[in-house]
Amino acid sequence: MKNHESSKIFAKAKGYFPGGVNSPVRAFRSVGGEPFIVKYGHGPYLFDVDGNRYVDYINSWGPLVLGHAHPAVVEAIATQAARGTSFGACHELESELAEVVRGLFPSLELMRFVNSGTEAGMSVIRLARGFTNRKKLVKFEGCYHGHADVLLAKAGSGVLTLGLPECAGVPAQVVTDTLVAEYNNLESVQKLFDQCGDDIAAVIVEPVVGNCGLLVPTPGFLEGLREITQRYGSLLIFDEVMTGFRVALGGAQALYNVTPDLTMLGKVIGGGVPVGAFGGRREIMELLAPLGPVYQAGTLSGNPLAMVAGMTTLREWSKPGVFEAAQKTTQSLVAGLKGCATEAGLPLVAESVGTMFGFFFSDHPVRSYRDTLTTRKEQFNSFFHAMLGDGVYFAPSAFEAGFVSAAHAGEALEFTLNALPAGFSSVRV
Ligand SMILES: *Cc1c(COP(=O)(O)O)cnc(C)c1O
């Protein structure tokens, strides 16, 4: 596979950006080698500057549920751009996107738009602390909620991939109120509440974890979190930045029928343009400025390009049958991964929820961060490179989830399924 142009451009980027990138996982450090440089995206494919084509199972890390450059989204952005790209003032598109979002997530009685999942995370924590007048937070090992200081304890893939135990630059006293429990282990949560339940403002969780590979909640886990938080007057926060519109149109809260007090959204909500959101119960949200004393703001928040990209994407994605078809494509991919791994004699754990999927080279079930530590990362890395060489781009880390779009059905899926046997047979047992 040619990579001459990519190599040249990446070398130049290293002169401008630490590691040559603007977000660490893009640097391929975990899998080795150098990243390809994207020229353009089209439907389920990415094309690089050397003319190589890849079936893209990252989709910008989740947002592109319709694939790259969907015509309706492109047109909506172009039309809006001609009318103004930012107002810093009220406009109607904000309520239009909010209406679509609340139609799918009725628990967001009120919401606020921000520019990223990270912003949603830092704001929602401030709000939860302001509402409860408590300071402690419970998060889970392996869950990522953006790179705000208070949430960077044991924070999943980005940090995991680089093998960083904790993050330099985060003073210990900033995370002393961040308590860490084990995902899928209610006892570990109850233990923290036994110790200081009256001081816990909130439990924050990725209801289906996508930042530690894919971890699926065991039956009763999310219900248990709802029950414990209610018992102690703490808030339950679902970080649905990744799962929102992905595991089901209404997110994990619809799929598992557990209603959190507050929800974070991001990724899909902006259809490939930067947007995040948080929202939930009215009485909590009314504490935000300008109604209440919890300050939160954003120059570009509610950006009109982002509003139209998000709403056009969500309207297409929620048309009858579209989500279900993409879910079926995801299931076929996972069945292919399992079948081909078995034929190659490789133990593989592969799962999907809606249009998110994940796989581990492992002979034991993977239900928590700790379980991921004993999966076979070297096998993943050689599989990753074999597939990339054949034109299939999975996430460049053993600890990231994958994403399927509406555009992957048909040719892109067939191409992938045909490439899998060679990919697995190149992995050393
Ligand atoms: C991606 C992600 C975030 C952070 O969102 P950014 O837009 O990258 O800041 C937060 N939480 C979860 C669950 C995510 O997957």
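Just so you know, ligand 1 is whichever comes first in the structure, and atom 1 is the first atom listed for that ligand. Side-chain atoms are counted along with the backbone in the values below, which use heavy atoms only and exclude waters and symmetry mates. For clarity, every value in this text was computed on a predicted model and none was experimentally measured.
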Should you measure from each heavy atom of E206, which atoms of ligand 1 turn up under 4.0 Å away?
13 (C)
Identify, by atom number and element, the atoms of ligand 1 in contact range of S116, meaning under 4.0 Å from any of its heavy atoms.
7 (O), 9 (O)
Would you check if the distance from the ring center of [X] to the ring center of [Y] is below 6.0 Å?
X    : Y    : value
F221 : F140 : yes
H68  : Y40  : no
W317 : F323 : yes
Y54  : F47  : no

List the closest protein heavy-atom neighbour of [atom]: residue, atom name, distance to the nearest 0.1 Å.
atom                    : value
atom 8 (O) of ligand 1  : T118 OG1, 4.5 Å
atom 11 (N) of ligand 1 : D239 OD2, 2.6 Å
atom 3 (C) of ligand 1  : V241 CG1, 3.7 Å
atom 6 (P) of ligand 1  : G117 N, 3.4 Å

Is NZ or CZ of R226 both nearer than 6.0 Å to the six-membered ring centre of Y256 and within 45° of the ring axis?
no
Are H364 and T374 packed together at the side-chain level, in the sense that at least one heavy-atom pair is separated by less than 4.5 angstrom?
yes
Looking only at non-hydrogen atoms, the one of M242, M122, E400, K267 nearest atom 14 (C) of ligand 1 is K267
At a non-hydrogen distance cut-off of under 4.0 Å, which region of N211 contacts ligand 1 (side chain, backbone, both, or neither)?
side chain
